[in-house]
Amino acid sequence: MITLEELNALPPPQFVAALSGIFERSPWVPERVARARPFSSVLTLHAAMCDAVDIASIDEQLALIRAHPELAGRAAIRGELTPESTREQQGAGLAECSPEEFARLQQLNGLYTQKFGFPFVLAVKGHNRASVISALERRVTNTIEHERTVALREIGRIAGFRLAEAVDEPLGSRIIAMAEQLALISERQDALVCSYLTAAHRATAALIRDWMLGAGLQVEMDAVGNVIGHWFGTAGSAPTLLTGSHYDTVIDAGKFDGRLGILLPIAVAAHLRATGVRLPYALTIIGFSEEEGVRFKSTFLGSRALAGQFDPAILDSVDADGISLRETMRAAGLDPAAIPSAALTPRNLLGFVEVHIEQGPVLLNESAPLGVVTSIAGSVRSLVSITGLAGHAGTVPMPLRRDAAVAAAELVLAVEKCCGGKPGLVGTVGQLQVPSGAMNVIPGRCDLSVDIRADSDEVRDAAFAAVLSESKRIATRRNVEIQWRKVLDVGCVPCAPKLQQLWAASIGRVTGAPEVRRLPSGAGHDAMVMAGITDMGMLFVRCGNGGISHHPSETLSVDDADLAARAFKDFLLNFPVPS
Ligand code: GLV
Ligand code: MN
Ligand code: MN
């Protein structure tokens, strides 16, 4: 492997030579990006090379496609492939075709080449013979323009896999670059939004899948859209350590909430595999599809499915456009009936660990880059609907009004009052709307959300009860109806002492600090659901900018990402496997 730093410093001819295998027999691609150095990460180098292909002439693009060998074609049999292509085709099992499979591939390859005038190109990582054949069957029906785009996209993916294997870079830069790239995929132009099963969400899942494949993991997508990468241990029946976090986001999100806990383990697994390490246990990295509850107001869809706690009644929830969760899943090719079979069996699990940014200022203020989470606060979330009476803003005297928005204003203040004054207790009204409101109409309806959390279930329940009784008083006094619907009720979850100890030891070793900061999490995490089936532990990583999160100015430094990756690596290498 060459390092990115070395590549950045090479004279242009050597730079081109070092990357000659990345785009099949097409040195003009590295040639055209040599002057854009230095690249800050392998991903920016990859993006520059893909851009060079995108803006090349159609003849050059066709020549690039034609530089590729047929899959399992005659060149493979004659041993005329580049070393990269030979390895990739063997990886998909194409070297062991049955006579029937070989005949079918030859026939389809023939049809394909005759129709398009170039060979069928597919990034075969993650494929097997059957899926290669079905991809070929599908793609041979495309139009030529579309197929040229698909072939170039596949060539870009192949180049990404090859670069990841050929070029090394510091873990911290790799992690930040991945987070930056994922953040480019959004439902909105002006903000990062990635909510459950939108086009952006599915594209995000596809990119995470590619990075897992590039790290050498075996990847599956389950019935709720979790992207799951397996790194099997030295023994087939070895127990499994789970890790992961969510890839969905809030509206106008930061780049690291959730994603860090997927990308960091991928980078570390790739690094360990590249250095020849084999773990004595299996490591499973999970990109949970949904945690934030943005689209269907139901949180933890991904982890609940894996923990066997998915409530099928949730399938009837609808999004803002009235589309049900069930319909949404079906349209995305997911089978709601298969959700129960996504549940993991707790047998043979070593635990679930999650790496997450702290999303608060504690570590930052204490100059501690990493911390061990002691427990995750419980929360109760409700959707509240207030119904009063709409009327003319100019004609109804103030004492006669049944104004839903004014009742809501009182309720917001009641939440603040009931949840103030106790450390660890917090209450938030994060959504507040007058549906179909107008400037000259008294609000007849107001909808709001109430989220109450504490690190003690007793304290949280008492605060919730106090808010409910305030709500009743407001309803009576203002002659409005206030309906509450609880959408989440999870208790406070302690982290397993054994895992806290292991994290503390790893942090101590990589930072050299005599004392390791332990702190509770006020934010909810997939880990609290996974705690239902196995031991759970969390590593917090300091974020910058005052610790702000659920906001675009959320930050994480390259150095802190690197340190967290080293702590995670140390944790994996020292994880005790019961004999
Ligand atoms: C998850 O981000 C939460 O709301 O705590
Ligand atoms: Mn979040
Ligand atoms: Mn999160």
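Start at 1 and go down the list; that is how both ligands and their atoms are numbered. Nothing here was measured: the structure is a model prediction, and the numbers come from that model.
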For the pair Ser456 (side chain) and Val459 (backbone), establish whether a donor and an acceptor sit closer than 3.5 Å, ignoring hydrogens and angles.
-> yes
Minimum-distance N/O/S atom that His246 presents toward the Mn ion (ligand 3) = NE2
Have a look at Glu292 and say which of its N, O or S atoms is nearest the Mn ion (ligand 2).
-> OE2
Taking both backbone and side-chain atoms into account, decide whether His525 has an N/O/S atom under 2.8 Å from the Mn ion (ligand 3).
-> no
Considering only heavy atoms, does Glu292 approach ligand 1 within less than 4.0 Å through its side chain, its backbone, both, or neither?
-> side chain
Trace of the side-chain contact (heavy atoms from CB on, under 4.5 Å) decision for Leu283 with Leu217 | CA-CA 9 Å; Leu283 178 69; Leu217 309 182; over 6 Å; no
Side chain or backbone of Arg381 under 4.0 Å from ligand 1, or both, or neither, by non-hydrogen atoms?
-> side chain
For Ala523, atoms of ligand 1 separated by under 4.0 Å from a heavy atom = 5 (O)
Short version for His550: what comes under 4.0 Å of ligand 1, heavy atoms counted, is side chain
Between Asp257 atom OD2 and His550 atom NE2, the angle centred on the Mn ion (ligand 2) rounds (to 10°) to 90°
Nearest heavy atoms of Ala205 and Val227, plus distance in Å | CB-CG2, 3.8 Å
Counting only heavy atoms, which portion of Met528 has something under 4.0 Å from ligand 1: side chain, backbone, both, or neither?
-> neither
Would you say the ring centroid of Phe39 lies under 6.0 angstrom from that of His46?
-> no
Establish, yes or no, whether a centroid distance under 6.0 Å links the rings of Tyr247 and Phe288.
-> no
Could you tell me which non-hydrogen atom of Asp257 sits nearest to which non-hydrogen atom of Ser549, and how far apart they are?
-> CB-OG, 4.4 Å
For ligand 1, is there an atom lying under 4.0 Å from some heavy atom of Gln359?
-> no
Distance from atom 3 (C) of ligand 1 to nearest protein heavy atom, with residue and atom | Arg453 NH2, 3.3 Å
Nearest non-hydrogen partners of Val558 and Ser173, listed with the distance = CG1-N, 3.7 Å
Scanning both residues in full, the closest heavy-atom pair of Cys446 with Val434 reads SG-CG2, 4.4 Å
